[in-house]
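The block underneath contains the structure these notes are about, expressed in structure tokens.
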Amino acid sequence: MRVSQTSLKVGELATGQDLTIPIFSLKAEYGSAPNVYIQANVHGAEVQGNAVIYQLMQLLESYTLRGDITLVPLANPLGINQKSGEFTLGRFDPITGVNWNREYLDHKLDIEAWYSENQSLSNNEIIHAFRDNLLESCQRRLSSEWGVTTGHQQAVLLQSMAHKADIVLDLHTGPKSCKHLYCPEYDAKAAAFFSIPYTLMIPNDFGGAMDESVFCPWWQLIEFMGTKGRKIDIPVSAFTLELGSQENINLDDALIDAKGILAYLSHRGVITEKVEPAMMARHACYLRDYKKYHSPLGGMVEYQAEVGKPLKAGEPLANILRLDLYGSDKVLTPLKLEQDCVPILHFASASVYQGTELYKVMTNLFEI
């Protein structure tokens, strides 16, 4: 298997230097299996996805490819280099303040009008024509006479590569987080292949993220076609993989996740060889049951609930320490929840304002 490397210019600095990202391309040896696009490090501190891509490239040397694979580590050079002391701040575009993972294009297509013009095409022709339409929409946005922001240009360039693929994986991490997967509800069975214990089943709502920018327009099209009595499967799959905590690289753990990705690619026929998914318990909830807990007061936090571990109603979640209230019964405030849940991630810092998003928890879980 031959790996080729190119680069893509995604912007320019004020001093004129180009912002570029490396792109690794692996070409199929034979066959016509789905094409794959995998990116990592859209948020500057979320570096573990690079380790997963490295391990995946190492593993793929021993496998036979039947579909092309495009790998884009270090997908956000500006965010990755946005440092303050020993911390990476690259979650938000420093120019606009927008979350880097909310910069992707919402095509806002008139699905009814588009289908009316193309309904005479065969199913395969529909798929090709609609993909071309998405790519043309990206190009129109990039070519706007009014220009686009630095972050939006980078995002839409990445999105254009993703639209050319049939399988899209966006690799992220949380602040202090356990592994979890964002999976569209129509593709729920796919969650059983990745080496990830918790899955969020997400609806057909565009919130600005890469996976949504890929699958939402297709989901909308296929649902509309269904109302006209024409039923076909949604031809793309897109997922966000949250691979633990930010500011951390662990190659052993990356190998586990790379093997999980291989199990899914094997299931989809992208590689010839059979790779079985890891034997593990997997649970999910719907996105509507993924709850945010906001700190009721400011102070210093002792995080007590461990991410990825079930928490019974009434068990300790956290303590808020307020030394300014020393000598009163408010110096230490215990926090708890009144329903069973699984904490998935918590805020990275031990000092918080009142209203800080302290924990995200899954409720109403079910086994998958």
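Just so you know, these numbers use all the heavy atoms, side chains as well, and skip hydrogens, waters and symmetry mates.
Using a 30° and 60° split on the angle between ring planes, H180 and Y290 fall in the tilted class, from 30° to 60°. Using a 30° and 60° split on the angle between ring planes, Y186 and F215 fall in the perpendicular class, above 60°.
The shortest distance between side-chain heavy atoms of L287 and P203 falls below 4.5 Å. Here the side chains of K179 and I256 are in contact, with some heavy-atom distance below 4.5 Å. Using a 4.5 Å cut-off on side-chain heavy atoms (C-beta onward), T70 and V36 make no contact. With a 4.5 Å cut-off on side-chain heavy atoms, L56 and I38 count as touching. Between V270 and I167 the shortest side-chain heavy-atom distance falls below 4.5 Å. Side-chain contact between V301 and L358 is present, with at least one heavy-atom pair separated by less than 4.5 Å. The shortest distance between side-chain heavy atoms of S25 and S4 falls below 4.5 Å. Under the 4.5 Å side-chain criterion, counting only non-hydrogen atoms from C-beta, P343 is not in contact with K309.
Neither Y182 nor L171 shares a network with the other; the hydrophobic side chains, linked directly or stepwise wherever heavy atoms of I, L, V, M, F, W or Y lie under 4.5 Å apart, form separate groups for each. A chain of hydrophobic side-chain contacts below 4.5 Å, direct or via other Ile, Leu, Val, Met, Phe, Trp or Tyr residues, connects I111 to M225. L60 and V168 are assigned to two separate hydrophobic clusters, defined by single-linkage of ILVMFWY side chains at heavy-atom distances under 4.5 Å. Under the 4.5 Å side-chain contact rule for hydrophobic residues, I202 and L365 share a cluster. Neither Y198 nor L181 shares a network with the other; the hydrophobic side chains, linked directly or stepwise wherever heavy atoms of I, L, V, M, F, W or Y lie under 4.5 Å apart, form separate groups for each.
Using a distance-only test at 3.5 Å, with no hydrogens or angles considered, a donor-acceptor pair links the side chain of E212 to the main chain of G208. Proximity of a side-chain donor or acceptor of Y104 to a complementary backbone N or O of L158 within less than 3.5 Å is not detected. Distance alone, capped at 3.5 Å, places no donor-acceptor pair between the D18 side chain and the T20 backbone. The backbone N or O of G90 sits nowhere less than 3.5 Å from a side-chain atom of T88 that would complete a donor-acceptor pair. A donor-acceptor pair under 3.5 Å is absent between the side-chain atoms of D166 and the main chain of P34, judged by distance alone. Not a single donor-acceptor pair under 3.5 Å links the side chain of D289 to the backbone N or O of C285. Put simply, the side chain of R140 never gets that close to the backbone of L135: no donor and acceptor are under 3.5 Å apart. A donor-acceptor pair under 3.5 Å links the side-chain atoms of T149 to the main chain of H152, judged by distance alone. A distance-only check finds no donor-acceptor pair linking the side chain of Q58 to the backbone of Q55 [under 3.5 Å]. A donor-acceptor distance shorter than 3.5 angstrom exists from the side chain of N50 to the backbone of L74, with no hydrogens or angles considered.
Considering CG of L59 and CG of L255, their distance stands at 5.5 Å, rounded to 0.5 Å. Taken from NZ in K164 to CG in L134, the straight-line distance is 12.5 Å, to the nearest 0.5 Å. Taken from NE2 in H283 to CE in M362, the straight-line distance is 9.0 Å, to the nearest 0.5 Å. Separation of atoms CD (Q119) and CG (L121) is listed at 9.5 Å; rounding is to 0.5 Å. Rounding to the nearest 0.5 Å gives a distance of 4.5 Å between CG of N319 and CG of L332. Atom OG of residue S177 and atom NZ of residue K360 lie 9.5 Å apart, to the nearest 0.5 angstrom.
D211 and T240 form a side-chain donor-acceptor contact under 3.5 Å, judged by distance and modelled atom types alone. Looking only at atom types and distance, the side chain of S266 has no donor-acceptor partner in the side chain of Y63 under 3.5 Å away. For N41 and E46, the side-chain atoms include no donor-acceptor pair closer than 3.5 Å. With no hydrogens or angles considered, no side-chain donor-acceptor pair links N250 and Q48 at under 3.5 Å. A side-chain donor from one of N123 and R230 sits under 3.5 Å from a side-chain acceptor of the other. In summary, the side chains of H107 and R141 do not present any donor paired with an acceptor at a separation below 3.5 Å, with no hydrogens or angles considered. Between the side chains of T227 and E223, no donor-acceptor pair of N or O atoms lies under 3.5 Å. No side-chain donor-acceptor contact under 3.5 Å links S160 and Q139.
The local environment of NZ in K176 is sparse, with at most 12 non-hydrogen atoms from other residues, nucleotides or ligands closer than 6.0 Å. More than 12 non-hydrogen atoms from other residues, nucleotides or ligands lie less than 6.0 angstrom from NZ of K83. The neighbour count for D233 CG, taken as heavy atoms of other residues, nucleotides or ligands under 6.0 Å away, does not exceed 12.
Between S195 and G260, the shortest heavy-atom distance links the atoms OG-CA, 3.4 Å. Nearest heavy atom pair, residue T199 against residue C183, reads CG2-CB, 3.7 Å. Across every non-hydrogen atom of G269 and A33, the tightest pair is O-CB, 3.1 Å. Closest heavy-atom contact between K336 and G314: CD-O, 3.7 Å. Of all non-hydrogen atoms in I249 and A51, the two that sit nearest each other are CD1-CB, 3.9 Å. The shortest heavy-atom contact between A28 and R66 is CB-C, 3.5 Å.
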| request: Under the side chain to side chain contact (heavy atoms under 4.5 Å, CB included) rule, what do M161 and I23 come out as? Steps first, then yes or no, please. | output: CA-CA 10 Å; M161 288 190 284; I23 300 173; 3.7 Å; yes
**OP:** List the steps and the verdict of side chain to side chain contact (heavy atoms under 4.5 Å, CB included) for T363 and L337.
**Re:** CA-CA 11 Å; T363 64; L337 296 173; over 6 Å; no
*Report the C-alpha separation of T64 and E273 in whole Å, then their side-chain angles, then the decisive distance to 0.1 Å, and conclude whether the side chain to side chain donor-acceptor pair (under 3.5 Å) test is met.*
CA-CA 7 Å; T64 305; E273 294 79 6; 3.0 Å; yes
query: Yes or no on side chain to side chain contact (heavy atoms under 4.5 Å, CB included) for Y30 and T272, after CA distance, side-chain angles and deciding distance?
result: CA-CA 10 Å; Y30 69 94; T272 300; 3.2 Å; yes
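Taking R268 as the reference, nothing meets the salt bridge (charged side-chain N to carboxylate O under 4.0 Å, His left out) condition, with sequence neighbours excluded. The ring-ring contact (aromatic ring centres under 6.0 Å, His included) search around Y37 returns none, not counting sequence neighbours.
When each of F224, Y115, W114 is tested with F130 by the rule ring pair (Phe, Tyr, Trp, His ring centres under 6.0 Å), just one qualifies, namely W114. For the side chain to side chain contact (heavy atoms under 4.5 Å, CB included) test with W219, the passing option among D187, N204, V214, V236 is N204; the others fail.
Residues F239 and F194 place their aromatic rings such that the two centres sit under 6.0 Å apart.
In the hydrophobic clustering, where aliphatic and aromatic side chains (Ile, Leu, Val, Met, Phe, Trp, Tyr) are joined below 4.5 Å either directly or transitively, I368 groups with M201, Y286, F366.
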